[in-house]
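Just follow the structure's listing: the first ligand is 1, and inside any ligand the first atom is 1. Only this structure's heavy atoms are used, side chains among them; waters, hydrogens and symmetry mates stay out. Just so you know, these numbers come straight off a predicted model, no measurement behind them.
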Amino acid sequence: MAQQSPDTDLEAHVLKFPEDFTWGAATSAFQIEGSPRADGKSPSIWDTFCATPGRISDASSGDVACDHYVRYLDDVSLLSALGMASYRFSIAWTRVKPGGVGPTNPKGLDFYDRLVDALLAEGITPMPTLYHWDLPQVLDDRGGWLDRSTAEAFADYAEAAVTRLGDRVGTWTTLNEPFVSANHGYVTGEHAPGHTSLAEGFAAGHHLLLAHGLAAERIRSLAPDARLAIVLNFTPQQAASSSDADLQAASLQSDLENRWYADPLNGLGYPTSGFDHYGWDGSQIGDGDLDLISAPLDLLGVNYYTRQLVSADPAYAQPGHTPRNTMGWEIHPESLGQLMRTLWDRYSFPSYMITENGAPMPDLNRSEGRVDDDDRTAYIRDHLTELHGAIQDGCPIEGYLVWSFMDNFEWAEGYVPRFGVVEVDYETQTRTPKQSALWFRDVARTNQVVLEPERLTYRGRP
Ligand code: FCB
């Protein structure tokens, strides 16, 4: 075999991304803001959930979190210093409409108004998500996502946010991960409001999608130039063997986890297994709902963390030897590349963005003012490598946002998992960019990933 020339060799190790590719970071309101009662905010289902003994593994709450409501200007400066071109955050419904429905609270919107202005002043594109799981408790008291009226209330709340911020926001995202809202909130009970019923999961899921569709209509009419997006999570379900039984089990699970929301959004309706295998009666689907839900989107946000191996055998155990993050999720970058090709093949969304990807790591390799999180850097690098391959194959992927900008409240796991590229000392609220953040800054600035085997242990500038 002919020897590679040094030039080719070098090129093979530099992954250049498309010129207009977007680099950034993501967070969500409940996970970072704190200030639960400031300026008229009302409690959300997550405040209630945290106050219920046994729900959060470290018995913590979002009361302080990263104190971002107070420190947002410093956080925006840090985003800028780290070269983030885009910042995905969420708006708390409970700040904007403390009653869930009814009067808008201008003070709650003031906060996001100031945040958007601060971002724009730093040249950072604001990417707000309207719903990242923090339903007003008052609405849960009236049935929450089990009640159709919550979808209508969401559209009114969306209207208030778009009316106030629409002149400065170019892309509106309605929901974050409706699968997790419905599944963890209503089926497994791991998340607020903590119910455990498969039938409720289907009802909640439909009302979430309806909320998206109703809000989409308002956004289109109030901000006709804005782009419309939704963020879905995907966990590729791969058969543990090539047996028919395992293949079928994986496909059924994929209907629930991966196609349940993307299919109807794309005009394909709900997977039929929902009715003939899982037993949903579909009674919540009203006339015209599926048309509303499938109104064209400009962008699909994709959250990817891990894959799952599925077996028809209930005794099957996931392989123990594969690399995993501190929450036990397998690290499997290849599945991101495959996922993007599958989505591009199956659906007709015009554009995709990775709106969350990242990993909680031990972050134990540290010295004064420095966190050497080579494992996180490697995780991001390997996922970007896969993404680059998918882009080379023609997938229209416009950006990558790391989860998360900073360590934060990881839902039922509390503050133990640390997902940030920026460390947060919860005693002092000191922010320290980890080495992964400095590596990512260089990637963002140069628009390329350099694969240098000798830099597996990355030593960025402090
Ligand atoms: C996603 C959520 C996000 C964060 C990451 C780790 O499912 O959207 O808030 O918790 O997982």
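F419 and W329 have tilted rings, their planes meeting at an angle from 30° to 60° on a 0 to 90° scale. Using cut-offs of 30° and 60° for the angle between ring planes, the H191 and W46 rings count as perpendicular.
Ligand 1 lies under 4.0 Å from heavy atoms of Q31, H132, W133, N176, E177, Y305, E356, W403, E410, W411, F419.
The side-chain heavy atoms of N266 and F349, taken from C-beta on, include a pair separated by under 4.5 Å.
You'll find the ring centres of F89 and H68 outside the 6.0 Å limit. W411 and F49 have their aromatic ring centers separated by at least 6.0 angstrom.
Applying side chain to side chain donor-acceptor pair (under 3.5 Å) to N303 and the options N233, T235, T355 leaves one that passes, T355.
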